[in-house]
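Below you'll find the structure, written out as structure tokens, and then a few comments.
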Amino acid sequence: MDVFVIKGGRKLSGTIRINGSKNAALPLMTAALLTDEPLILSEVPNLSDIRNMTKLLGELGVQSDIETTDLGQTITHRVVDPTQSHARYEIVRTMRASISTLGPLVAKRGYARVSLPGGCAIGQRPVDLHLRGLEALGAKITLDGGDIIAQAPGGRLIGASVFLGGPFGSTVLGTANILSAATLARGTTIIESAACEPEIVDLANMLIAMGAKISGAGSPRITIEGVEELSGTTHRVMPDRIEAGTYMCAAAITQSEITLDNCPLDAMMSATDTLGHMGVDVNAVGSADDPMRRSCVISRTGAITPVQITTQPHPGFPTDLQAQFMALLCLSNGNAVITEKIFPERFLHVAELCRMGAQIHRQGATAVVTGVQQLTGAPVMASDLRASAGLVIAALAAQGQTIINRVYHIDRGYEHLEDKPAKVGASIRRANAEEFANSTMTL
Ligand code: EPZ
């Protein structure tokens with residue numbers, strides 16, 4: 001098992017290129033199940049979640065040919081065995097996004113057996129809305145041995161009106177599942193209270209290029225007219241707004257100036273607006289031809305002003321940046337309030353940040369962060385992916401050395417997290433946990 005060894009206090013300077021989005025790429029990959037033709041995805045990030053999805057698709061009869069380029073991976077997916085429809089627990093339990101194979105499988109093959117994902121570090125995470133949506137499209141859903149079995153009577157789903165709202169808003173992967181499934185259903189589907197996340201727009205754009213008839217993606221009402229079949233296509237995965245937001249926090253906490261290239265600024269307004277209120281400048285530079293692929297300069301010179309943050313579905317503040325912003329607010333000059341409305345238990349980073357000297361008081365889904373003058377390096381434990389990213393942000397500014405254990409969580413969602421900050425001047429390296437414990441390794 002690896003650890004990150006980070007020595008805080010270094011200024012950052014230079015340029016980081018943002019890679020393709022993990023959360024866009026995963027449902028894009030499962031769309032390979034919807035077509036008999038090759039689906040080519042470029043700028044797919046090289047992450048453990050992506051490798052797990054490639055493995056799962058392999059078990060579902062999809063061959064993946066991977067070419068590594070300077071801009072990430074180009075993966076050509078081809079269905080070679082359409083008889084396989086079982087997403088096994090052994091893979092699903094490593095990656096909840098496996099649930100996004102369910103819609104494409106039942107839509108194209110008329111049958112799916114997908115292991116029910118269990119709980120995870122950030123909460124219970126039910127899939128009831130995914131199932132309700134597929135049932136509305138005519139699928140017969142049963143449970144057997146911990147697996148969801150979905151069957152389309154007569155082999156084909158039927159278009160319907162589907163309401164995907166819950167007490168929290170909508171569901172991102174649930175919307176991806178129903179949207180994908182409805183492309184091959186007979187008749188028209190309306191998804192009401194659809195997720196508006198940019199990753200859903202990216203998926204819809206690709207499905208349209210494959211011949212799907214979709215309107216309204218990016219709004220709460222998506223209309224899909226089912227077609228008989230979809231073709232293959234070539235699609236460039238959108239850049240990762242959460243990776244971009246994470247590096248914005250890295251620049252802000254170290255009081256540095258860095259440039260981000262390939263940054264999906266148009267999808268990040270809640271984050272950049274919040275940074276503005278905190279005294280962090282985010283300035284777009286260069287061509288504005290594609291608002292989802294901008295260059296921007298992030299800098300901070302003054303104090304960090306405390307703010308109130310409430311996580312919400314897009315275009316509200318993303319839950320996936322909550323931990324990183326909390327780390328930044330640990331050094332503000334007052335009291336900040338963070339309320340987590342998407343995953344109310346997603347506060348595993350709080351205790352670890354407190355080990356580094358942060359003052360955070362949590363009550364239920366709200367945390368009050370009282371700014372301190374200085375954080376101090378400490379051994380800490382990574383838990384979920386974004387909580388771990390929050391610890392990296394804190395460590396970059398902390399006095400002394402921080403050891404982050406269990407970095408495999410970080411490898412699920414950040415490509416080369418040790419390399420990119422190091423390239424712009426951070427002191428961060430990966431080490432083997434046992435070797436590190438037995439040595440007097442210094443940076
Ligand atoms: C996606 O998860 C992302 N994952 C998550 O990113 C992200 O945190 C989340 O959306 C919210 O933005 C991927 O895209 C692979 P949801 P998803 O269904 O789709 C409740 C990361 O760190 N809910 O939108 O699974 C649920 O419990 C990951 O990269 C139901 O009640 O999230 C939560 O409270 C973590 N019933 C809320 O909806 C359902 O059937 C939103 O969850 C489905 C969800």
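Hydrogens, waters and symmetry mates are skipped; everything else that's a heavy atom, side chains included, is used. Numbering of residues begins at 1 and proceeds along the displayed sequence.
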message: I'd like to know whether V80 forms a side-chain contact (heavy atoms from CB on, under 4.5 Å) with V62, so could you lay out the CA-CA distance, the side-chain angles of the two residues, the decisive distance to 0.1 Å, and finally the verdict.
response: CA-CA 6 Å; V80 290; V62 180; over 6 Å; no
query: Quick one: side-chain hydrogen bond (donor to acceptor under 3.5 Å, both in side chains) pairs with a partner in residues 162-186, sequence neighbours left out?
result: H130-N177
- request: Give the C-alpha distance, both sets of side-chain angles, the deciding distance and a yes or no for side-chain contact (heavy atoms from CB on, under 4.5 Å) between R412 and N52.
  value: CA-CA 10 Å; R412 291 187 46 208; N52 281 330; over 6 Å; no
message: Please check: side-chain N/O of D202 versus main-chain N/O of M238, any donor-acceptor pairing under 3.5 Å?
response: yes
- request: For residues M269 and P315, determine if any side-chain heavy atom of one lies less than 4.5 Å from a side-chain heavy atom of the other.
  value: no
query: Just how far is it from atom CZ of R113 to atom CG of L60, taken to the nearest 0.5 Å?
result: 13.0 Å
message: Evaluate I338 against L329 for side-chain contact (heavy atoms from CB on, under 4.5 Å), listing each step before the verdict.
response: CA-CA 10 Å; I338 298 181; L329 287 165; 3.9 Å; yes
query: Rounded to the nearest 0.5 Å, what separation is found between the NZ atom of K140 and the CD1 atom of I149?
result: 14.5 Å
field: Note, M29 side chain near I50 side chain (heavy atom, < 4.5 Å)
entry: yes
query: Is the closest side-chain heavy-atom distance between D65 and R78 below 4.5 Å?
result: yes
query: For the atom pair CG (L56) and OG1 (T101), what is the distance rounded to the nearest 0.5 Å?
result: 5.5 Å
task: Would you check, one step at a time, whether the test side chain to side chain donor-acceptor pair (under 3.5 Å) holds for H86 with D147?
output: CA-CA 9 Å; H86 187 188; D147 291 342; 3.2 Å; yes
- request: Please name all residues satisfying side chain to side chain donor-acceptor pair (under 3.5 Å) with Q73, sequence neighbours left out, ordered by chain then number.
  value: none
query: Is it true that atom CD of E229 has more than 12 heavy atoms of other residues, nucleotides or ligands lying nearer than 6.0 Å?
result: no
message: For E243, is there any backbone N or O sitting under 3.5 Å from a side-chain donor or acceptor partner on D240?
response: yes
- request: State the CE-OG1 distance between M210 and T233, to the nearest 0.5 angstrom.
  value: 7.5 Å
message: Which heavy atom of L102 sits nearest to which heavy atom of A112, and what is that distance?
response: CD1-CB, 3.8 Å
message: How close do T274 and S270 get, counting heavy atoms only, and between which atoms?
response: OG1-O, 2.6 Å
field: All side chain to side chain donor-acceptor pair (under 3.5 Å) counterparts of E228, not counting sequence neighbours
entry: R156
- prompt: Are T319 and R346 close enough that a side-chain donor and a side-chain acceptor fall under 3.5 Å?
  reply: yes
- line: Scanning both residues in full, the closest heavy-atom pair of T35 with V79 reads O-CG2, 3.5 Å
Side-chain heavy-atom pair Q401, I403 within 4.5 angstrom cut-off: yes
message: Treating N405 as the side-chain partner and V380 as the backbone partner, does any N or O pair qualify as donor plus acceptor under 3.5 Å?
response: yes
- prompt: Which residues pass the side chain to side chain donor-acceptor pair (under 3.5 Å) test with D81, sequence neighbours left out?
  reply: T83, Q84
message: Would you compute the distance between atom CD1 of I253 and atom CD1 of I393 and round it to the nearest 0.5 angstrom?
response: 7.0 Å
- prompt: Of the options K22, R386, H409, which is the one that meets Y414 in a side-chain hydrogen bond (donor to acceptor under 3.5 Å, both in side chains)?
  reply: R386
message: If we ignore hydrogens and angles and just use 3.5 Å, is the side chain of S388 paired with the main-chain N or O of I410 as donor and acceptor?
response: no
message: Would you compute the distance between atom OG of S98 and atom CD1 of I91 and round it to the nearest 0.5 angstrom?
response: 7.0 Å
message: Could you walk me through whether R294 and D290 satisfy the salt bridge (charged side-chain N to carboxylate O under 4.0 Å, His left out) test, starting with their C-alpha distance in whole Å, then the side-chain angles of each, then the deciding distance to 0.1 Å, before giving a yes or no?
response: CA-CA 7 Å; R294 297 294 309 264; D290 184 349; over 6 Å; no
query: Quick one: do R241 and D320 make a salt bridge, cutoff under 4.0 Å?
result: no
- request: Tell me, with the steps shown, if D261 and R17 meet salt bridge (charged side-chain N to carboxylate O under 4.0 Å, His left out).
  value: CA-CA 5 Å; D261 282 347; R17 185 180 193 279; over 6 Å; no
field: Check ion pair E345-R125 (N to O, under 4.0 angstrom)
entry: no
- prompt: Would a distance-only check, ignoring hydrogens and angles, find a side-chain to backbone donor-acceptor pair under 3.5 Å from K213 to T188?
  reply: no
message: Tell me whether E43 contacts the main-chain N or O of G72 through its side chain, where contact means a donor paired with an acceptor under 3.5 Å.
response: no
message: Any side-chain to backbone donor/acceptor pair from R51 onto M53? Under 3.5 Å, distance only.
response: no
message: Could you check whether any side-chain heavy atom of I40 comes within less than 4.5 Å of a side-chain heavy atom of I75, counting everything from C-beta outward?
response: no
- request: Go through the structure and list residues passing side chain to side chain donor-acceptor pair (under 3.5 Å) with K108, not counting sequence neighbours.
  value: D36
message: Using every non-hydrogen atom in the two residues, find where I222 and G216 come nearest and quote the distance to one decimal.
response: CG1-O, 3.9 Å
field: Note, M1 side chain near Y408 side chain (heavy atom, < 4.5 Å)
entry: yes
task: Show your reasoning for whether side-chain contact (heavy atoms from CB on, under 4.5 Å) applies to T189 and L137.
output: CA-CA 8 Å; T189 297; L137 298 185; 3.5 Å; yes
query: Is the backbone N or O of S193 less than 3.5 Å from a side-chain atom of R221, with the two atoms forming a donor-acceptor pair by type?
result: no
- request: Decide yes or no for Y247 and L12: does some side-chain heavy atom of the first lie under 4.5 Å from some side-chain heavy atom of the second?
  value: no
- request: Indicate whether the side chain of H314 and that of E199 have a donor and an acceptor atom separated by less than 3.5 Å.
  value: no
- line: Closest heavy-atom pair, T74 versus S42, reported as atoms and distance to 0.1 Å, is OG1-CB, 3.8 Å
field: Pairwise side-chain contact, R293 with R236, heavy-atom cut-off 4.5 Å (strictly under)
entry: yes
- prompt: Quick one: ring-ring contact (aromatic ring centres under 6.0 Å, His included) partners of F317, sequence neighbours excluded?
  reply: F325
- request: May I ask you to decide if F343's main-chain N or O and E340's side chain share a donor-acceptor pair within less than 3.5 Å?
  value: yes
Cationic N near anionic O, under 4.0 Å, R430 to D2: yes
- line: Between L164 and I178 the two heavy atoms that sit nearest each other are CD1-CG1, 4.1 Å
